[in-house]
Amino acid sequence: MAEGVPLVDTVLSVRRMTVRFAGVVAVSDLSFSLHAGELLGIIGPNGAGKTSVLNCINGFYRPQAGQVFFLGRDITHLPPHARASTGIARTFQNIALYPHMTVLQNILSGRLVHMRSSLLGCGVYWGFGQREVLRHRQRVEEIIDFLEIEAYRDHRVAELPYGIQKKVELGRALAMEPRLLLLDEPMAGMTVDEKADMARYILELREVRGLSMILIEHDMGVVMDLCDRLLAMDYGRKIAEGPPKEVQQHPDVIRAYLGEEHGVAEEVAGGP
Ligand SMILES: Nc1ncnc2c1ncn2[C@@H]1O[C@H](COP(=O)(O)OP(=O)(O)OP(=O)(O)O)[C@@H](O)[C@H]1O
Ligand SMILES: [Mg+2]
């Protein structure tokens, strides 16, 4: 194998990634790994490059330099749909659902990555196809139960409160049965109760299902509570990485947040 091929227990490995947009370096020579079953938090001020990292992992952006390994395979040149098929799912900072479709239909759309083989099956043997459709429906119902959104299953997404839409987005990502879940500010704009629910789902996904996840989140309390490890970014660079308490108190992290709203800097410093 080539030099430095990731270890088996490494789900994801990002190597020396750089992303530039006319004059802006969004991600600068960034390397990190994610272990199986780990919940890694990415923090950093606005514009630090956090979303760009997720966009490179799921294939929306092509980095100018660097590589992405997923389950030991170099996926740097795969398009987004091929990466989804390998088991990478995500939610978006700005909700990206089908607003005029129902909750059920939106979550079912996450099953599409698994449906191509079912449709082929239908042509070969109708009974097999029927069973496949039932299996997809059953999986979607389980997700609706898990996210406690039964009351909304037939509602059009556009009519629902923002916090419920965020849950539906998580539901669609889970319908893909991912091996890596990328969450871009899943709690932004939520009420305190909705945030607590979302935190509970994320913990259950890690503890009961052993799902590997990357979580971008500005709420330091949430990040400190949930994450196994933190990676802090500023101006596209990694400025700290390690146990949450250590990263929170790292001088470069505190400095990066000092230019931000005062309260955030205090949270990062572990202050009141
Ligand atoms: N598609 C794009 N075209 C041009 N510039 C971009 C693009 N995507 C990101 N950028 C720029 O790259 C930098 C990093 O942006 P990114 O969205 O990754 O930051 P972020 O850490 O997710 O910020 P936030 O906390 O505000 O979501 C910013 O300066 C941003 O303007
Ligand atoms: Mg972002």
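Atoms within a ligand are numbered from 1 in the order they appear, just like the ligands themselves.
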Applying side chain to side chain donor-acceptor pair (under 3.5 Å) to R200 and not counting sequence neighbours gives E148, D197

(message) Check this for me: R16, atom CZ, are more than 12 non-hydrogen atoms of other residues, nucleotides or ligands nearer than 6.0 Å?
(response)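 Open.
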
**Asked** Got a sec: does the CZ of R20 have more than 12 other heavy atoms crowding it under 6.0 Å?
**Response** no

[Y]/[X] salt bridge by N-O under 4.0 Å criterion:
X	Y	answer
R111	E177	yes
D219	K195	yes
K166	E169	no

ask   = If waters are left out, how many protein N/O/S atoms lie within less than 2.8 Å of the Mg ion (ligand 2)?
value =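 Excluding waters, the total comes to 2.
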
Besides Y98, the hydrophobic cluster formed by Ile, Leu, Val, Met, Phe, Trp and Tyr side chains linked at under 4.5 Å, directly or via other members, contains M101

I want to check a possible cation-pi pair here: R206 against Y201, using under 6.0 Å from ring centre and within 45° of the ring axis as the test.
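Judged by the rule (NZ or CZ under 6.0 Å from the ring centre, within 45° of its axis), R206 is not positioned above Y201.
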
Inset, instruction - Classify the ring geometry between F60 and F92 as parallel (under 30°), tilted (30 to 60°) or perpendicular (over 60°). - result: parallel

Show the short N or O contacts, below 3.5 Å, that ligand 1 makes with protein N or O atoms; if there are none, say 'none'.
from     : atom 1 : to   : atom 2 : distance (Å)
ligand 1 : 1 (N)  : Y61  : OH     : 3.0
ligand 1 : 8 (N)  : Y61  : OH     : 2.8
ligand 1 : 18 (O) : S52  : N      : 2.9
ligand 1 : 18 (O) : S52  : OG     : 2.7
ligand 1 : 19 (O) : G49  : N      : 3.3
ligand 1 : 21 (O) : A48  : N      : 3.2
ligand 1 : 21 (O) : G49  : N      : 3.0
ligand 1 : 21 (O) : K50  : N      : 2.9
ligand 1 : 21 (O) : K50  : NZ     : 2.7
ligand 1 : 22 (O) : T51  : N      : 2.9
ligand 1 : 22 (O) : T51  : OG1    : 2.8
ligand 1 : 23 (O) : G47  : N      : 2.8
ligand 1 : 25 (O) : N46  : ND2    : 3.2
ligand 1 : 25 (O) : K50  : NZ     : 2.7
ligand 1 : 25 (O) : H218 : NE2    : 3.0
ligand 1 : 26 (O) : N46  : ND2    : 2.9
ligand 1 : 27 (O) : Q93  : OE1    : 3.0
ligand 1 : 27 (O) : Q93  : NE2    : 2.7

